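Below: the structure, in structure tokens.
Everything quoted here is computed from the prediction, not taken from an experiment. Sequence lines set the chain letters: A, B, ... in the order given, protein chains first and strands last, and positions in each chain run from 1.
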Amino acid sequence: MKIHKTDINKVTDYIWEIPKSFRPAMRVPARVLASEPLLDDIMGDRSLVQLVNVASLPGIKGAALVMPDVHEGYGFPIGGVAATIFPDGAISPGGIGYDINCGVRLLTSNLKRDHIKDKTEALSKEMYAQIPSGMGKGGQIRLSEQEMDQVLLKGAEWAIEKGYGKKEDLAYMESNGRLQDADPSLVSAMAKKRGTDQLGTIGSGNHFVEVDYIEEVYDETIAKAYGLCKDQIVVMIHTGSRGLGHQIATDYTKQIITAMPRYGMQVPDRELACVPFNSIEGQNYFKAMCAAANYAWCNREIISWEARKAWANIFGAKVEPLKLMYDLAHNIAKIETHLVHGEKAQLIVHRKGATRAFGPGFKELPQDYKAVGQPVIIPGSMGTFSFVLAGTPISEELTFGSCCHGAGRRLSRTAAKKQVNAPVLQEKLKEKGIFVTAGSYKGIAEEAPIAYKDVNMVVQTISDSGIAKKVAKLRPVAVIKG
DNA sequence: ATGTTC
């Protein structure tokens with residue numbers, strides 16, 4: 001299948017639609033949220049074909065959607081949102097991704113840019129020492145079988161009970177850092193084994209811990225509600241459920257590929273394998289997915305504890321500890337209520353490389369954010385900049401309350417490695433005042449800014465389309481990578 | 001993304 005520009009209808013400057021009539025298998029239209037240059041960028045790759053395939057998912061409602069940071073993924077495009085009808089619409093592990101509850105959190109400090117100037121290098125070294133990173137890397141904590149089950153059931157609460165976190169953090173996590181449907185008995189022994197020593201570790205790839213300062217505030221009122229101000233130092237953490245989540249995705253993808261024919265579900269690409277949400281296989285996957293999501297929230301809470309230790313070691317025990325602004329998932333499925341053609345419907349919302357972006361008044365928001373909407377954290381590529389946005393009611397109308405999750409890759413890892421000289425890049429960033437500490441040059445090369453879209457363009461599209469408002473722009477000073 | 005290949 002090839003998709004040409006002439007197959008795509010322009011709905012607005014930021015919304016492009018491939019109509020349902022394009023392919024007989026499509027059950028809903030396919031929609032791209034992008035400015036024209038960003039759309040042109042993906043015309044040559046498989047993102048749009050994958051999006052059209054998603055539009056044929058059994059039980060899909062509204063439209064198959066991609067955000068402006070879209071790129072190719074396993075079956076589903078990354079940056080994709082697919083809402084299927086509860087309870088018998090499809091659930092597909094490919095629509096969630098291999099790193100279940102990969103997500104981002106932002107911690108705020110009471111220090112300003114001037115306070116840390118002379119200590120940036122020492123801080124980045126201490127962060128690197130405290131936070132294990134890199135492929136397959138384990139941490140300090142070894143979970144017993146009983147403890148593992150508690151982590152999978154309780155998520156971030158487990159870390160807090162054990163003294164690795166702060167009770168006041170819970171209110172500032174999506175779903176309070178815990179999905180109630182988790183069932184540890186549905187997580188394989190292999191997945192649990194892989195997760196035994198990986199709590200408190202960031203892993204590799206695009207995962208990182210970053211120290212930033214706030215370069216610009218766009219919306220003073222919302223920034224104030226989130227506790228953000230110009231020149232303030234903040235810490236961003238991006239990681240997920242590590243080997244445990246990956247193993248769960250592997251286990252259930254296999255199972256679901258085998259089970260799918262029994263339910264008469266057909267999809268154009270084997271990588272979109274799915275079963276009805278309320279089938280036994282669908283329920284088992286969902287409950288295991290929830291367990292992996294809880295592991296990821298626990299992981300990010302423990303990494304925050306490590307970052308807080310590094311903070312105290314560098315700035316002294318009397319410094320105010322880092323405060324959690326918000327933590328949100330961008331690889332997850334959630335049961336949510338949205339309007340479909342003007343009527344309320346319960347949906348299984350798959351977000352793969354897409355975050356939630358609910359507007360003001362949403363009941364799950366912490367009290368101090370209720371009036372301004374949910375924080376959306378958008379990490380840019382290494383050494384560029386990142387954004388904090390706020391969700392709006394428009395996201396609920398256009399995207400099932402969803403937003404983009406980052407800059408979005410434009411070069412494959414292999415292509416990036418060919419083009420980038422990592423030591424040179426590291427030195428260049430240092431000259432710009434950004435200390436990058438990484439376990440491997442491979443990681444630096446794969447994550448070079450050239451491998452990513454222009455985050456400014458991506459965020460501008462989001463802001464122009466109205467699904468989220470710009471609140472603040474963040475510049476990195478130290479990056480810890482795998 | 002991941003004890004690189006589901």
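For A:T250, no side-chain nitrogen or oxygen approaches OP1 or OP2 of B:dT2 to under 4.0 Å.
For the pair A:K309 and A:W311, the NZ or CZ position fails the cation-pi test of under 6.0 Å to the six-membered ring centre and within 45 degrees of the ring normal.
A:Y213 is linked by a ring-ring contact (aromatic ring centres under 6.0 Å, His included) to nothing, counting only residues two or more places apart in sequence or in another chain. Evaluation of the ring-ring contact (aromatic ring centres under 6.0 Å, His included) rule for A:F358 yields A:H338, A:F362 as partners, not counting sequence neighbours. Remark: A:F385 engages A:F387 in a ring-ring contact (aromatic ring centres under 6.0 Å, His included) (not counting sequence neighbours).
If you measure from atom CD1 of A:I248 to atom P of B:dT2, you get 14 Å, rounded to the nearest angstrom. As rounded to whole Å, 14 Å separates atom C1' of B:dT2 from atom OH of A:Y74. Atom pair A:M190:CE and B:dT2:P shows a separation of 17 Å (rounding to whole Å applied). Atom NZ in A:K481 sits roughly 11 Å away from atom P in B:dT2 (whole-Å rounding). In this structure, A:K442 atom NZ and B:dT2 atom P are separated by 10 Å, rounded to whole Å. Whole-Å rounding puts the A:N101 CG to B:dT2 P distance at 13 Å. One interatomic measurement links the two molecules: CZ of A:R242 to P of B:dT2, which rounds to 5 Å at whole-angstrom precision.
Here the two rings, on A:H405 and A:H238, have centers that are 6.0 Å apart or farther.
Here A:Q198 lies in heavy-atom contact (under 4.0 Å) with sugar-phosphate atoms only. Heavy atoms of A:E447 sit under 4.0 angstrom from primed sugar atoms or phosphate atoms, though from no base atom.
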Please output the side-chain donor-acceptor pairs of residues 71-96 of chain A that fall under 3.5 Å, not counting sequence neighbours, one pair per line with the distance.
residue, atom, partner, partner atom, Å
A:E72, OE2, A:R46, N, 2.9
A:T84, OG1, A:A90, O, 2.7
A:S92, OG, A:G94, N, 3.4
A:S92, OG, A:L272, O, 3.1
A:S92, OG, A:A273, O, 2.9

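Scanning residues 404-422 of chain A for heavy-atom distances under 4.0 Å to DNA chain B yields A:R413. Remark: A:M135, A:G136 in residues 129-143 of chain A come within less than 4.0 Å of DNA chain B through at least one heavy atom.
To the nearest 0.5 Å, the span separating CD on A:E446 from OG on A:S204 amounts to 8.0 Å. A:S402 contributes atom OG, which lies 10.0 Å from atom CG of A:L33 (distance to the nearest 0.5 angstrom).
A donor-acceptor pair shorter than 3.5 Å cannot be found between the side chains of A:S241 and A:N101.
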